Amino acid sequence: MKMNYQITERIFNITDSDKMCNPQTVCTVLEDEIKPIVENYICLNKEFKVRFRKNGDKNIFFVEFEADRIKPFGYIPK
């Protein structure tokens, strides 16, 4: 899918190309990019958060949210 490629490319550019960037800034950008996609499928009931952890040479990101329900397929957002 073209959308998947665009999202993957953008995340790669954020996390790999800009190595001098503050990890918290990367988390904020990822929140802004991912949250609208999640909201298309899930009714969030709490804060949406992306967290970062360094594990050796790996950068690990956690996407955290709670949902009231999963929207049925075919749902058209208002």
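In this text, all values refer to a predicted model and were calculated from it rather than measured experimentally.
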With side chains defined as the heavy atoms from C-beta onward, is the minimum distance between [X] and [Y] less than 4.5 Å?
X: N59; Y: F52; answer: yes
X: I42; Y: F65; answer: yes
X: K71; Y: C43; answer: yes
X: E66; Y: L44; answer: no

>> Within a 6.0 Å radius of atom CD1 on I70, are there more than 12 heavy atoms belonging to other residues, nucleotides or ligands?
In response: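 Result for CD1/I70: open.
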> Under 6.0 Å from the NZ atom of K54, do we count more than 12 heavy atoms belonging to anything else shown?
Replying inline: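 Yes, enclosed.
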> Would R51 and F61 count as a side chain to side chain contact (heavy atoms under 4.5 Å, CB included) if you check the C-alpha gap in whole Å, the side-chain angles of each, and the deciding distance to 0.1 Å?
Replying inline: CA-CA 6 Å; R51 300 184 193 282; F61 291 87; over 6 Å; no
Spacing of [atom1] belonging to [X] relative to [atom2] belonging to [Y], to within rounding of 0.5 Å:
X: L30; Y: F48; atom1: CG; atom2: CZ; value: 9.0 Å
X: E47; Y: E31; atom1: CD; atom2: CD; value: 7.5 Å
X: C27; Y: D32; atom1: SG; atom2: CG; value: 11.5 Å

>> Looking at every heavy atom in both E33 and P36, which two are closest together, and how far apart are they?
In response: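 That closest heavy-atom pairing would be O-CD, 3.7 Å.
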>> Test your reading of the model: is there a side-chain donor-acceptor pair from E64 to the backbone of K49, 3.5 Å cut-off?
In response: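 No; zero donor-acceptor contacts below 3.5 Å.
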